[in-house]
Amino acid sequence: SDVEKHNPGFPNSYHSGYSVSLNTLQFKDGFHIVSIVYQSGDSVESVIADIFFSNDYRRLSDDETILLHNLTGEKDISNFVDKPLLRPSYFSLETTSACPSECIMCPRDQVLSRRRNSFMSDKLVYRIIDEIDWPCYINWEWINEPLCDPRIFSFMAYSKSKGIKNWITTTGQLLTEDNAVKLIENGVDLVVFSIDTLNSDLYSHIRRGLSLETVLKNVDTFMNIATRRHSSVDVWITKIQLPLTIHEDLDAYCSYFLNV
């Protein structure tokens, strides 16, 4: 096969509470970083974006090879050495690890046992955005609810001013009418709602601490506001197919949201 999937792990590196996860595809002619995940933690004075992306298409230096070795934890990093490195198509930027839910399939407990629950500093967020100087997406989510961070709207406005597209993945619980307006006004390009079932009791069991009634109301409100404001935002609905939901009628699920 020309393409070999490679995922160094989740999460895979901790430097003063700051971690980076590389999600990659390896091609015969080079190593393509599809996405980079920045996780919230202690502030640091430098980020690795400036090391990786000073040129569109180049080869790794010895220092960068050592860094990749440290980041991935791979003993054999021959696949990284002397291979062209291309810029990623999106970044995941977790400005806070806060979330109002305790979803049964989420690894948050495991992850937060190894790093503290915190907010990324403004300085670091803006530094990361400044170093991304090509068209791509920032997904403002990793193991968090992005709307738990009240700064998210100003961060999105700034990234939009840099030509970067904004993407949030949300449960929808905190997407009030006010937050919906702020998202659209500050340049959201893609909103992904994570809704695993339309069964209220089952939903409450899976997405502990959340209300399906509230979530569906907020989805409807967001769609109405986006329509009234002639927004070009794309809206996706994602469903994690769990053993608890595998028996449900997928056509009925899709039909519901196609009519929102």
Side-chain angles (χ1 to χ4, degrees), residues 35 89-96 98-103 105-106 135-161 163-242 244-246 248-260:
S35 69
S89 57
Y90 79 90
F91 289 77
S92 289
L93 182 49
E94 179 196 85
T95 64
T96 176
C99 184
S101 178
E102 295 182 0
C103 302
M105 62 289 194
C106 183
C136 64
Y137 278 89
I138 289 181
N139 176 19
W140 298 92
E141 179 264 348
W142 186 235
I143 60 162
N144 65 312
E145 167 56 64
L147 293 175
C148 282
D149 190 344
R151 307 169 300 166
I152 192 69
F153 308 108
S154 57
F155 292 154
M156 290 174 59
Y158 186 71
S159 64
K160 190 74 170 182
S161 73
I164 300 168
K165 291 187 175 182
N166 290 299
W167 158 13
I168 73 160
T169 301
T170 177
T171 63
Q173 181 75 26
L174 303 182
L175 191 52
T176 61
E177 182 173 353
D178 183 54
N179 282 340
V181 171
K182 288 179 180 178
L183 279 180
I184 292 171
E185 288 181 343
N186 287 282
V188 68
D189 296 282
L190 172 62
V191 176
V192 180
F193 291 99
S194 297
I195 304 172
D196 309 301
T197 179
L198 294 176
N199 181 302
S200 182
D201 291 338
L202 193 53
Y203 180 89
S204 296
H205 174 73
I206 295 170
R207 302 273 178 177
R208 294 172 180 170
L210 306 185
S211 162
L212 179 62
E213 181 181 1
T214 299
V215 167
L216 295 181
K217 177 183 176 182
N218 289 346
V219 171
D220 187 63
T221 298
F222 181 83
M223 296 301 295
N224 288 334
I225 292 173
T227 299
R228 292 200 306 267
R229 289 174 171 258
H230 306 288
S231 171
S232 60
V233 61
D234 290 321
V235 178
W236 297 356
I237 307 293
T238 61
K239 170 183 171 70
I240 298 176
Q241 199 73 307
L242 300 168
L244 291 171
T245 61
I246 193 71
E248 294 186 324
D249 187 342
L250 187 58
D251 289 337
Y253 175 93
C254 294
S255 177
Y256 176 89
F257 288 108
L258 288 172
N259 290 304
V260 172

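Owing to the predicted nature of the structure, the values given are computational and were not obtained by experimental measurement.
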If I take atom CG from residue L216 and atom CZ from residue F257, how far apart are they, to the nearest 0.5 angstrom? 5.5 Å

Taking side chain to side chain contact (heavy atoms under 4.5 Å, CB included) as the definition, give me every residue that meets it alongside P150, ordered by chain and number, with sequence neighbours left out. none

Search all heavy atoms of I164 against all heavy atoms of D189 and return the closest pair with its distance. O-OD2, 4.5 Å

Check side-chain hydrogen bond (donor to acceptor under 3.5 Å, both in side chains) between K165 and all other residues, then give those that pass, not counting sequence neighbours. none

What pairs meet the salt bridge (charged side-chain N to carboxylate O under 4.0 Å, His left out) rule with one or both residues in residues 218-227, with sequence neighbours excluded? none

Taking atom CE of M105 and atom CD1 of I240, what is their separation to the nearest 0.5 Å? 3.5 Å

Taking the side chain as C-beta and beyond, is there a heavy-atom pair between N179 and F153 under 4.5 Å? yes

Please give me the minimum heavy-atom distance between T245 and Q241, naming the atom from each residue. OG1-OE1, 3.5 Å

What residues, two or more places apart in sequence or in another chain, satisfy side-chain hydrogen bond (donor to acceptor under 3.5 Å, both in side chains) together with D251? none

Not counting sequence neighbours, which residues clear ring pair (Phe, Tyr, Trp, His ring centres under 6.0 Å) with Y137? List them please. none

Closest non-hydrogen atom pair, I195 against Y203: CG2-CE1, 4.4 Å

List in chain and number order the residues that pass side-chain hydrogen bond (donor to acceptor under 3.5 Å, both in side chains) with S211, two or more places apart in sequence or in another chain; answer none if no residue qualifies. T214

By side-chain hydrogen bond (donor to acceptor under 3.5 Å, both in side chains), which residues pair with N144, not counting sequence neighbours? none

What heavy-atom pair brings T197 and L212 nearest, and what distance separates the two atoms? O-CD1, 3.7 Å

Residues at least two apart in sequence or cross-chain that pass ring pair (Phe, Tyr, Trp, His ring centres under 6.0 Å) with W140, listed by chain then number, are none

Once you round to the nearest 0.5 Å, how far does CG of N139 lie from CG of L190? 8.0 Å

M156 and N166 have their tightest heavy-atom pair at O-ND2, 3.0 Å

Check step by step if side-chain contact (heavy atoms from CB on, under 4.5 Å) holds for E248 and Y253. CA-CA 8 Å; E248 294 186 324; Y253 175 93; 5.9 Å; no

Side-chain contact, heavy-atom cut-off 4.5 Å: V215 with R207? no

E185: which residues meet the salt bridge (Lys or Arg N to Asp or Glu O under 4.0 Å) condition with it, sequence neighbours left out? R229

Does atom NZ of K160 have more than 12 heavy-atom neighbours from other groups under 6.0 Å away? yes

Once you round to the nearest 0.5 Å, how far does CD of E145 lie from CD1 of I152? 9.5 Å

Nearest 0.5 angstrom please: F193 CZ to L175 CG, how far? 5.0 Å

Minimum side-chain heavy-atom gap P100-L210 below 4.5 Å: yes

Is N218 reaching over with its side chain to a backbone N or O of Q173, donor-acceptor style, under 3.5 angstrom? yes

Please name all residues satisfying ring pair (Phe, Tyr, Trp, His ring centres under 6.0 Å) with Y256, sequence neighbours left out, ordered by chain then number. none

Under the salt bridge (Lys or Arg N to Asp or Glu O under 4.0 Å) test, which residues partner R208, sequence neighbours left out? none

Quick one: closest heavy-atom pair of A180 and F222, and the distance? CB-CD1, 3.6 Å

Check whether S204 reaches the backbone of S200 with its side chain - one donor and one acceptor, N or O, closer than 3.5 Å. yes

Heavy-atom side-chain proximity of F155 to D149 below 4.5 angstrom: yes

Out of curiosity, T170 OG1 to L147 CG, how far, rounded to the nearest 0.5 Å? 4.5 Å

Considering residues at least two apart in sequence or located in another chain, which fulfil the salt bridge (Lys or Arg N to Asp or Glu O under 4.0 Å) criterion with D178? K182

Please walk me through it: do E141 and V192 pass side-chain contact (heavy atoms from CB on, under 4.5 Å)? CA-CA 11 Å; E141 179 264 348; V192 180; over 6 Å; no

